[in-house]
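Only one structure is covered here, and it is reproduced in the block below.
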Number of protein chains: 2
Amino acid sequence: MGLTEGLQDCLKAILLCEKKHPFVRTKHLAQSLGVKSPSVHAAVKELTRLGLVEHESYGHIEFTPRGRREAELVYTRHKVLYRFFTEILGLPEDVSENNACGIEHHLDENSLEKLSRFLDFLDSKSEESDKFTRELRETLDEE
Amino acid sequence: MGLTEGLQDCLKAILLCEKKHPFVRTKHLAQSLGVKSPSVHAAVKELTRLGLVEHESYGHIEFTPRGRREAELVYTRHKVLYRFFTEILGLPEDVSENNACGIEHHLDENSLEKLSRFLDFLDSKSEESDKFTRELRETLDEE
DNA sequence: TAATAAAGTTAGAATACACTAACTATATTC
DNA sequence: GAATATAGTTAGTGTATTCTAACTTTATTA
């Protein structure tokens, strides 16, 4: 597909907005992305041109089937990273969110797959003994 | 300091070039960064303006003390990430290099500190028992 | 040393992303 | 339903990064 970072962020924002609002609007996306409405407008216009969303003027924004698939892909990548930062490194939600957002465009599929497996591995370790989890938390939290 | 990504990359490339060549030249940086010489030229010009390097026309490039300090900082961040991708996820050197390069600008100090501690924690786990390492490798390598 | 090759520089253009200011359309409310 | 507020749009601008093409300087070599 080869979407730019901005467009991927926009798709992800639309996906999240759908869950919070009955209709997705420029305003919500601008808030969620932390940019001004003209920036969102440009991104949505481009996504429309690419056939990933539909957007009637002054109306709400909807995915096309292809757009939704793309958005889900982006979001999946994001979640793996978010999980790493919160669950493993124990970082606050907002920091984890920021980190994941900045990074998600810079990891190829294979690296993400490895990371995902790594997370599962650590989960299984934690289940085996909470000694592991406890020691990890101590190491990361100490001053 | 607030250097742009490109300038940070450039500082890092200069640092690495120093180790390989008696003098650092535009040509080397261009190869190392994978960009054309005019791009390097512009970056070096800006680094000069910022007092981080010295560069006489058609000559070689040298750090100022401040420039070297900045470069070392950038490189330190890079190394933590590189270590994570090679040592933990077991990714090839070139992929790890790319990943680290793309990501290093998107993690704050605290996140990197946590990651660094996490790496040390895993190292100590591996030393305790090579069961840990073996199982991790198996999990990550399986088809 | 004159000709050629290599390296470095400059100018100009393109893409991605963000902004402000000004304008238009829709919604709200008196 | 007219006045106002909110949301959306358009036009123009700025920064960061990259490129190509053309030119200049330095190095090589015949």
Side-chain angles (χ1 to χ4, degrees), chain A residues 1-14 17-18 20-50 52-63 70-71 74 78 98 101-106, chain B residues 1-14 17-18 20-50 52-63 70-71 74 78 98 101-106:
Chain A
M1 189 75 243
L3 293 168
T4 67
E5 294 189 19
L7 296 185
Q8 289 183 46
D9 289 342
C10 193
L11 285 178
K12 200 178 57 188
I14 295 170
C17 264
E18 279 189 335
K20 290 190 196 152
H21 305 284
F23 297 109
V24 177
R25 307 199 132 277
T26 299
K27 182 182 55 158
H28 306 136
L29 299 180
Q31 280 165 356
S32 152
L33 291 165
V35 298
K36 302 292 180 182
S37 48
S39 306
V40 174
H41 185 76
V44 169
K45 196 174 172 187
E46 179 64 8
L47 289 174
T48 304
R49 197 185 67 79
L50 294 170
L52 298 171
V53 303
E54 283 175 9
H55 181 212
E56 57 191 275
S57 214
Y58 295 96
H60 54 268
I61 297 149
E62 281 178 353
F63 282 124
E70 278 298 325
V74 174
H78 179 86
N98 271 345
C101 231
I103 283 176
E104 59 192 4
H105 311 292
H106 301 281
Chain B
M1 190 73 241
L3 294 168
T4 67
E5 293 188 19
L7 296 185
Q8 289 183 47
D9 288 343
C10 193
L11 286 177
K12 200 178 57 188
I14 295 171
C17 263
E18 279 190 335
K20 289 190 196 152
H21 304 283
F23 297 109
V24 178
R25 306 200 132 275
T26 299
K27 180 182 57 159
H28 306 136
L29 298 181
Q31 281 166 353
S32 152
L33 291 166
V35 298
K36 302 292 181 184
S37 48
S39 306
V40 174
H41 185 76
V44 170
K45 196 175 173 185
E46 179 63 8
L47 289 174
T48 303
R49 197 185 68 78
L50 294 170
L52 297 172
V53 303
E54 284 174 8
H55 181 212
E56 57 191 276
S57 214
Y58 295 95
H60 54 268
I61 298 150
E62 280 178 354
F63 282 124
E70 279 297 325
V74 174
H78 179 86
N98 271 346
C101 231
I103 283 177
E104 61 193 3
H105 310 293
H106 301 280

Result block: side-chain N/O donor-acceptor pairs under 3.5 angstrom for residues 32-46 of chain B, not counting sequence neighbours:
residue : atom : partner : partner atom : Å
B:Glu46 : OE1  : B:Arg49 : NE           : 3.1
B:Glu46 : OE2  : B:Arg49 : NH2          : 3.0

Review point. Between which nucleotides of DNA chain C, 5' to 3', does chain A make heavy-atom contacts below 4.0 Å?
Key: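 The contact span of chain A on DNA chain C goes from C:dA16 to C:dT26.
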Does [X] have any ring-ring contact (aromatic ring centres under 6.0 Å, His included) partners at least two apart in sequence or in another chain, and if so, which?
{"X": "A:His28", "answer": "A:His21"}
{"X": "B:His106", "answer": "A:His106"}
{"X": "B:Phe23", "answer": "B:His60"}

Exercise for review: For B:Glu18, enumerate each residue passing the side-chain contact (heavy atoms from CB on, under 4.5 Å) test, keeping only those at least two apart in sequence or located in another chain.
Suggested key: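 B:Glu18 satisfies side-chain contact (heavy atoms from CB on, under 4.5 Å) with B:Leu15, B:Val24, B:Phe63, B:Arg68 only.
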**Study point:** With B:Glu104 via salt bridge (charged side-chain N to carboxylate O under 4.0 Å, His left out) - residues at least two apart
**Key:**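 With sequence neighbours excluded, B:Glu104 shows a salt bridge (charged side-chain N to carboxylate O under 4.0 Å, His left out) to B:Lys12, given in chain and number order.
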Review point. Tell me, which pairs form a salt bridge (Lys or Arg N to Asp or Glu O under 4.0 Å) where one or both residues lie in residues 20-34 of chain A, sequence neighbours left out?
Key: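 Found none.
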Review point. How would you list, by chain and number, every residue that makes a side chain to side chain donor-acceptor pair (under 3.5 Å) with A:His55, sequence neighbours excluded?
Key: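 With neighbours one apart ignored, the set is empty.
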Practice item. Apply side chain to side chain donor-acceptor pair (under 3.5 Å) to B:Asn98 and list each qualifying residue two or more places apart in sequence or on a separate chain. Key: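 Residues passing side chain to side chain donor-acceptor pair (under 3.5 Å) with B:Asn98: none at all.
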Review point. Near DNA chain C, under 4.0 Å by heavy atom, which residues of residues 2-9 of chain B?
Key: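 Correct list: empty, so none.
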**Study point:** Side chains of B:Val74 and B:Leu3 in contact at under 4.5 Å (non-hydrogen atoms)
**Key:**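 No. Closest side-chain heavy atoms not under 4.5 Å.
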Check your understanding: Does some side-chain heavy atom of A:Leu47 sit less than 4.5 Å from a side-chain heavy atom of A:Ile61?
Key ->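 A:Ile61 vs A:Leu47: side chains apart.
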Review point. Hey, which of these two, B:Ser37 or A:Ser57, hits DNA chain C nearer its 5' end, going by closest nucleotide?
Key: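 Looking at the nearest nucleotide for each, B:Ser37 comes out on the 5' side.
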Point to revise | Nearest-nucleotide 5' precedence on DNA chain C, A:Ser39 against B:Val24 | key: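 Its nearest nucleotide lies further toward 5', so the answer is B:Val24.
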Review point. If you find the nucleotide of DNA chain D closest to B:Arg25 and the one closest to B:Lys36, which residue's nucleotide is nearer the 5' end?
Key: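 Counting from the 5' end, the first nearest nucleotide belongs to B:Lys36.
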Practice item. Look at all strands and tell whether B:Thr26 reaches a base, only sugar-phosphate, or nothing, counting heavy atoms closer than 4.0 Å. Key: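 The answer is sugar-phosphate, as B:Thr26 gets under 4.0 Å only of primed atoms, P, OP1 or OP2.
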Practice item. Answer with base, sugar-phosphate or nothing: what part of the nucleic acid does B:His55 contact at a heavy-atom distance below 4.0 Å? Key: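 Here B:His55 touches the backbone only, sparing every base.
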Exercise for review: For DNA chain D, note the earliest and the latest nucleotide, 5' to 3', having some atom under 4.0 Å of a heavy atom belonging to chain B.
Suggested key: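 Result: D:dA16 to D:dT26.
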